[in-house]
Novice: 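Attaching a single structure in structure tokens format; questions to follow.
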2 protein chains.
Amino acid sequence: MLTQPTWRAHFPGLGGISDDVSRLLDRKARTVKLDKGSIIFGPGNPAENLLLLVKGTVRVQQLSEAGREIVLYRVHAGESCVLTTACLLAFEDYSAEGIAETDVEAILIPRDDFDELMSISKEFRAFVFEAYSKRITDLFLVIEEIAFKRMDIRVAQKLLELSGEDSTLHLTHQQLAVELGTAREVISRQLKEFERRNWLTLSRGVIELRNPVAIKRLADTA
Amino acid sequence: MLTQPTWRAHFPGLGGISDDVSRLLDRKARTVKLDKGSIIFGPGNPAENLLLLVKGTVRVQQLSEAGREIVLYRVHAGESCVLTTACLLAFEDYSAEGIAETDVEAILIPRDDFDELMSISKEFRAFVFEAYSKRITDLFLVIEEIAFKRMDIRVAQKLLELSGEDSTLHLTHQQLAVELGTAREVISRQLKEFERRNWLTLSRGVIELRNPVAIKRLADTA
DNA sequence: CGGCGTTCGGTGAGTTTGTCACACAAATGT
DNA sequence: ACATTTGTGTGACAAACTCACCGAACGCCG
């Protein structure tokens, strides 16, 4: 589905952009809408465009041969999916996939126009490299966590991160396991232990935080 | 230590580069020599330049608060240290460091000249994005391995990778542990088990591969 | 409503990996 | 020759992962 671009309002990182760049974007960029659950890119299905997210979030995760998964990072509104552009075109044999976690609205910039933008706009270059930075530090963080941190701490952190203001989480143990790249049973046992301590209550598909402070205390035991 | 640039011969990826880019590189780039063991960048010591490696290898590794480490990737001659450029300038609070694993000779390109090159040369842009690709797929691979693969397999793979043609490895159990982001004892026990199977012999600081075929068979049990 | 397949969660048993504490051996320095 | 540093071996225990299986909750449909 195509509509006219509305990118100006959504990308503060591209604020001071010059007029010719604006014109190029207006002329070339197209916004698309994707339903929640759409697979945006994946093995055997490389991305052809740079994606600028206007609305929604995209989850990027890695698949193992044995069928296990781990969430690598999320792309939020106002951010871009740069890794796909640079990465996926050069190497096809990667095993990550991008999934629309909500309904998504995004601006597509074709490869050649991306290249042209990199050439003509200093602001665009800064925007792109900053996006890279963010992704790469995210990846470093993931590595640090799976390599060095205890599972109970990681579960506590993820619960807080996913709950935000709310104290009611709607997700299954399996989904939480994928977030952390571990097995479902490990999560079930951790959650049971937290429940035993009255930190939360469990019911099918729902985790109700009862004592976020205690959870935070554990999470901060970095 | 400064010498005149010799970049032309070393970067096939920059082969078809235009004359004005050549001139810019000749005028601005400077080569430096670093002794083995030098810390090229690290926490509290961000990189100021893009590095193009002419000779030697650079090891990039992550430090944990608890003092454990893991090797993320290596940069070889003919490659560039792009992550440092984009990444380290935007975020100072990262915890990776780059170490000269051998004596190293490299071309430094200051930040502003890097930006200019990105603007004027399509080849340079391709070179940079390909470098990004490689690094990022390396990181994906690391994540996949620490999250999903068995330790004995990873040790076997790493032994073969580090040995190359040679069958004698000069490294300590601790160094191998850092390669894989695990504890020294785990490595010691794995190696002992391999020795028991007559796959290798151990002496202080030396691992002698006796049956690389058997090791490879295990390593290929992906 | 009741039946039925599917998804979700709980749990025991066994294995692998990580942690801690320490002992000893080999290299190094003075 | 002796002390110090560095590398390795090991036992005991804790944490994490795997495998196998169970029953409960839910969605759907007749």
Side-chain angles (χ1 to χ4, degrees), chain A residues 37 64-70 142-159 168-197 199-208 218-219 221-222, chain B residues 37 62 64-70 142-159 168-197 200-208 218-219 221-222:
Chain A
S64 88
E65 301 143 19
R68 268 177 57 189
E69 308 170 55
I70 182 171
V142 169
I143 290 175
E144 179 163 354
E145 301 220 315
I146 55 185
F148 303 132
K149 288 211 180 144
R150 285 213 333 251
M151 206 59 221
D152 53 351
I153 295 172
R154 296 178 59 208
V155 172
Q157 288 174 342
K158 191 55 80 175
L159 287 175
T168 306
L169 275 164
H170 289 270
L171 81 170
T172 68
H173 298 185
Q174 177 59 44
Q175 288 172 315
L176 202 43
V178 170
E179 292 286 335
L180 299 173
T182 184
R184 200 255 322 158
E185 298 91 316
V186 174
I187 298 295
S188 288
R189 281 192 251 262
Q190 286 295 343
L191 290 178
K192 255 301 175 234
E193 171 62 18
F194 289 176
E195 189 180 41
R196 200 193 56 73
R197 298 182 198 169
W199 291 1
L200 45 75
T201 55
L202 299 170
S203 53
R204 179 181 250 242
V206 182
I207 300 169
E208 185 85 24
L218 174 59
T221 314
Chain B
Q62 169 110 325
S64 88
E65 301 143 20
R68 267 175 58 188
E69 308 170 56
I70 183 171
V142 169
I143 291 175
E144 180 162 351
E145 301 219 316
I146 57 184
F148 303 132
K149 288 212 180 141
R150 282 209 340 248
M151 205 60 223
D152 53 352
I153 295 172
R154 295 179 59 208
V155 171
Q157 287 174 341
K158 190 56 79 174
L159 287 175
T168 306
L169 276 164
H170 289 270
L171 80 171
T172 68
H173 299 184
Q174 177 58 44
Q175 288 172 315
L176 202 43
V178 169
E179 293 287 334
L180 300 173
T182 184
R184 199 257 322 160
E185 298 91 317
V186 174
I187 299 296
S188 288
R189 280 192 254 264
Q190 286 295 344
L191 291 176
K192 253 304 174 230
E193 171 60 19
F194 289 176
E195 188 180 43
R196 200 192 58 72
R197 297 182 199 169
L200 45 75
T201 55
L202 298 170
S203 53
R204 177 179 246 236
V206 182
I207 300 169
E208 185 85 23
L218 175 59
T221 314

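Residue numbers begin at 1 in each chain, while the letters A, B, ... track the order of the sequences.
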Novice: Measure the distance from CG on B/Leu202 to C1' on D/dT10 and round it to the nearest whole Å.
Specialist: 15 Å

Novice: Rounded to the nearest angstrom, tell me the gap between atom CD in A/Gln174 and atom P in D/dA25.
Specialist: 20 Å

Novice: Could you state the NZ-P distance from B/Lys192 to C/dT16, rounded to the nearest angstrom?
Specialist: 19 Å

Novice: Has the side chain of B/Arg184 got a donor or acceptor that lies under 3.5 Å from a partner of the other kind on the base of C/dG18?
Specialist: no

Novice: Return the nearest nucleotide to the side chain of B/Thr172; candidates are C/dT19, D/dT8, C/dG9.
Specialist: D/dT8

Novice: Do A/Leu200 and A/Leu159 pass the side-chain contact (heavy atoms from CB on, under 4.5 Å) test, and can you show the C-alpha distance, the side-chain angles, and the key distance before you say yes or no?
Specialist: CA-CA 10 Å; A/Leu200 45 75; A/Leu159 287 175; 3.8 Å; yes

Novice: Which whole-number value in Å describes the distance from B/Arg196 CZ to D/dT10 C1'?
Specialist: 16 Å

Novice: Write down the distance between CE (B/Met151) and P (D/dT18), rounded to a whole number of angstrom.
Specialist: 15 Å

Novice: What about B/Arg189: does its side chain form a donor-acceptor pair under 3.5 Å with the base of D/dT10?
Specialist: no

Novice: B/Arg68 has a side chain; which of C/dC8, C/dT19, D/dG7 sits nearest to it?
Specialist: C/dT19

Novice: Donor-acceptor pair, A/Arg68 side chain versus B/Phe148 backbone, under 3.5 Å?
Specialist: no

Novice: Which is true for B/Arg154 with a 4.0 Å heavy-atom rule: it touches a base, it touches only sugar-phosphate, or it touches nothing?
Specialist: nothing

Novice: Whole-Å distance between C/dC8 P and A/Leu176 CG?
Specialist: 13 Å

Novice: If you check the A/Arg150 side chain, which of C/dA25, C/dT19, D/dA16 turns out closest?
Specialist: D/dA16

Novice: Rounded to the nearest Å, what distance is computed from the CD1 atom of residue A/Ile187 to the C1' atom of nucleotide D/dT18?
Specialist: 15 Å

Novice: Please compare A/Leu191 and A/Arg204 by the position of their nearest nucleotide in DNA chain C and report the one closer to 5'.
Specialist: A/Arg204

Novice: Donor-acceptor pair, B/Glu208 side chain versus B/Thr201 backbone, under 3.5 Å?
Specialist: no

Novice: Report yes if at least one side-chain N or O of B/Thr182 is closer than 4.0 Å to OP1 or OP2 of C/dT17; otherwise report no.
Specialist: no

Novice: Got a donor-acceptor contact below 3.5 angstrom from the B/Glu145 side chain to the B/Val142 backbone?
Specialist: no

Novice: Within this structure, what is the CG-to-C1' distance between B/Leu171 and D/dT8, rounded to whole angstrom?
Specialist: 13 Å

Novice: Would you please test B/Leu202 and B/Ile207 for side-chain contact (heavy atoms from CB on, under 4.5 Å) and show each step?
Specialist: CA-CA 5 Å; B/Leu202 298 170; B/Ile207 300 169; 3.9 Å; yes

Novice: Name the residue closer to the 5' end of DNA chain D, choosing between A/Lys149 and A/Glu185 according to the nucleotide with the nearest heavy atom.
Specialist: A/Lys149

Novice: What does B/Gln190 touch in the nucleic acid at a heavy-atom separation under 4.0 angstrom: a base, only the sugar-phosphate, or nothing?
Specialist: sugar-phosphate

Novice: Give a yes/no answer on whether the side chain of B/His173 brings an N or O atom under 4.0 Å of OP1 or OP2 in D/dT6.
Specialist: no

